[in-house]
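Keep in mind it's a predicted model, so treat the numbers as computed, not measured. Residue numbers start at 1 and run along the sequence shown. Side chains included, hydrogens not; waters and symmetry mates left out as well; all remaining heavy atoms used.
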Amino acid sequence: MANLKLGINLGFAINKYVEPEVWTRIVAEDLGIKYVQFVADLLNVFLPPDIVDRQVERINECTQKHDLAITSTFTSAFTRVNHFMHPDADTRKAWLNWFKRFANISVQMGARTTGSHFGILTFADYDDVRRREFIIEEGIKNWQELSWYCKELGMEYLNFEPMSIPREMANTVEDTKELLARLNDGAGIPFKVCLDVGHAPHPNDRDPYRWVRELGSVSPIIHIQQTEKDHSRHWPFTEEYNKLGIIHGEPLIEAIKQSGATEAEIIFELSHREAWSTEFRIIQDHIESVNYWRQFIKN
């Protein structure tokens with residue numbers, strides 16, 4: 001059986017629990033989780049370097065205090081942009097520099113990998129077949145340059161997340177495999193996948209467990225959320241939503257086993273929209289979600 005660890009993506013903390021002293025206490029004490037996926041929206045490296053350096057030092061002090069491990073970093077809601085597939089060449093270059101700086105602070109925080117969605121095509125570029133392939137090639141070229149940079153930093157691998165629509169790339173199992181192969185042809189360190197069990201809305205690929213069975217062996221990180229078929233709800237795993245949703249412990253663990261994976265971090269990526277009905281449930285919903293998954297994952 002694969003070595004599974006339960007972790008958390010810090011997207012839930014954006015604009016709510018931004019202080020390192022606060023989110024580290026919540027993760028360690030309220031949730032009882034050790035493994036953390038840090039997100040760029042909590043510390044965007046477009047900020048002045050002196051601010052970034054002070055924040056990294058503060059984050060490291062807090063994670064050490066609470067015995068937390070930042071094992072990976074990722075982009076998030078505010079950084080869900082075109083980046084390596086922006087139509088403007090100078091903007092693509094700027095984002096390559098951004099990712100290099102993000103990789104630097106990721107290593108300083110202890111992460112062994114960083115990642116993002118692959119990139120996003122505009123409609124104009126997507127609708128023009130020749131332009132589409134050119135921009136995809138640009139994305140591959142930039143990711144591969146980043147991989148050699150991250151190799152020098154000592155990272156183990158890079159990863160990208162299959163998304164929900166063709167413009168955002170890798171929205172079918174087959175497309176994901178093809179893109180992964182293209183990225184690894186000339187990469188400095190291996191490229192792997194960060195699956196999300198809610199990103200299966202393509203009409204031919206709506207079974208989230210098929211994604212895990214076929215790609216789990218190359219997905220050392222799996223985002224989990226409770227969701228309905230054909231949607232990516234990012235609901236918590238509470239009794240209320242577990243009755244409505246399609247993601248459950250037994251079939252997910254079985255799918256990971258069938259994939260041949262030897263290890264994986266199963267990472268909560270839950271989202272609470274700004275509403276009276278959810279604003280004051282964030283921590284309790286996460287606690288209930290952890291309690292549900294602790295039936296299946298002890299680490």
Side-chain angles (χ1 to χ4, degrees), residues 4-17 23 26-27 30-33 35-39 41-42 72 74-80 115-117 161-165 168 170-171 193-203 205-213 215-216 219 221-256 264-297:
L4 303 182
K5 298 176 181 178
L6 200 61
I8 189 163
N9 174 284
L10 292 182
F12 83 95
I14 297 170
N15 81 29
K16 304 176 183 73
Y17 309 107
W23 66 255
I26 291 171
V27 171
D30 294 344
L31 306 185
I33 286 178
Y35 304 102
V36 175
Q37 184 173 72
F38 187 85
V39 295
D41 297 349
L42 285 179
S72 64
F74 222 73
T75 54
S76 194
F78 301 153
T79 38
R80 184 175 172 174
S116 175
H117 57 286
E161 184 173 18
M163 300 300 281
S164 298
I165 53 175
E168 295 188 352
N171 75 131
V193 175
C194 174
L195 287 175
D196 186 316
V197 295
H199 291 189
H202 189 280
D205 269 335
R206 286 182 170 161
D207 178 3
Y209 302 113
R210 180 195 172 219
W211 282 81
V212 176
R213 287 193 302 270
L215 293 165
S219 183
I221 298 171
I222 299 176
H223 287 165
I224 57 171
Q225 52 161 306
Q226 187 54 280
T227 189
E228 297 173 298
K229 186 179 179 181
D230 307 340
H231 294 281
S232 185
R233 297 295 194 192
H234 292 274
W235 286 336
F237 292 92
T238 59
E239 183 177 0
E240 171 191 359
Y241 286 113
N242 285 342
K243 290 178 180 177
L244 298 172
I246 61 171
I247 305 302
H248 303 289
E250 293 92 342
L252 181 61
I253 300 300
E254 180 61 26
I256 294 171
E265 286 186 35
I266 311 303
I267 294 182
F268 291 110
E269 193 181 39
L270 311 182
S271 178
H272 290 71
R273 296 186 66 84
E274 292 74 12
W276 275 100
S277 60
T278 60
E279 179 76 354
F280 304 103
R281 290 175 41 178
I282 297 171
I283 304 305
Q284 184 57 39
D285 281 353
H286 276 79
I287 291 172
E288 290 185 37
S289 299
V290 171
N291 290 341
Y292 172 77
W293 280 96
R294 282 300 183 203
Q295 301 174 80
F296 313 102
I297 302 171

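Judged as a salt bridge (Lys or Arg N to Asp or Glu O under 4.0 Å), the pairs with a partner in residues 242-256 (not counting sequence neighbours) are, in order, Glu239-Lys243.
Annotation: ring-ring contact (aromatic ring centres under 6.0 Å, His included) contacts of Tyr209 (sequence neighbours excluded): none. In this view, His272 and His286 satisfy the ring-ring contact (aromatic ring centres under 6.0 Å, His included) rule, not counting sequence neighbours. The ring-ring contact (aromatic ring centres under 6.0 Å, His included) check on Phe78 picks up nothing, with sequence neighbours excluded. With sequence neighbours excluded, the residues that form a side-chain contact (heavy atoms from CB on, under 4.5 Å) with Glu168 are Arg80, Ile120, Met163, Ile165. Evaluation of the salt bridge (charged side-chain N to carboxylate O under 4.0 Å, His left out) rule for Arg294 yields no partner, not counting sequence neighbours. Judged as a ring-ring contact (aromatic ring centres under 6.0 Å, His included), and not counting sequence neighbours, Trp23 has no contacts. Applying the side-chain hydrogen bond (donor to acceptor under 3.5 Å, both in side chains) criterion to Ser116, with sequence neighbours excluded, gives Thr75, His83. Gln225 meets the side-chain hydrogen bond (donor to acceptor under 3.5 Å, both in side chains) test with Asp196, Ser232, His234; sequence neighbours excluded. Not counting sequence neighbours, the partners of Glu240 by the side-chain contact (heavy atoms from CB on, under 4.5 Å) test are Thr238, Arg281. Residues that satisfy the side-chain hydrogen bond (donor to acceptor under 3.5 Å, both in side chains) test with Ser271, not counting sequence neighbours, are absent from this structure.
At a threshold of 4.5 Å between non-hydrogen side-chain atoms, the residues Leu270 and Asp285 do not count as touching. Put simply, the side chain of Ile247 does not reach to within 4.5 Å of the side chain of Trp235, judged on heavy atoms. Using a 4.5 Å heavy-atom cutoff, the side chains of Tyr241 and Arg233 are not in contact. Between Leu252 and Val212, some side-chain heavy-atom pair lies under the 4.5 Å cut-off. Looking only at side-chain heavy atoms (C-beta outward), Leu4 and Phe296 stay at 4.5 Å or farther from each other.
The two atoms that bring Glu161 and Phe74 nearest to each other are OE1-CE2, 3.4 Å, heavy atoms only.
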Show me, pair by pair, the donor-acceptor contacts under 3.5 angstrom made by side chains of residues 5-17, not counting sequence neighbours?
{"residue": "Asn9", "atom": "OD1", "partner": "Gly11", "partner atom": "N", "Å": "2.7"}
{"residue": "Asn9", "atom": "ND2", "partner": "Gln37", "partner atom": "OE1", "Å": "2.7"}

Kindly indicate, with the supporting measurements, whether the criterion side chain to side chain contact (heavy atoms under 4.5 Å, CB included) is fulfilled by Ile26 and Ile283. CA-CA 8 Å; Ile26 291 171; Ile283 304 305; 3.7 Å; yes
Please evaluate residues Asp207 and Arg213 with respect to the criterion side chain to side chain contact (heavy atoms under 4.5 Å, CB included), reporting the C-alpha separation (whole Å), side-chain torsions for both, the decisive distance (0.1 Å), and the verdict. CA-CA 10 Å; Asp207 178 3; Arg213 287 193 302 270; 3.5 Å; yes
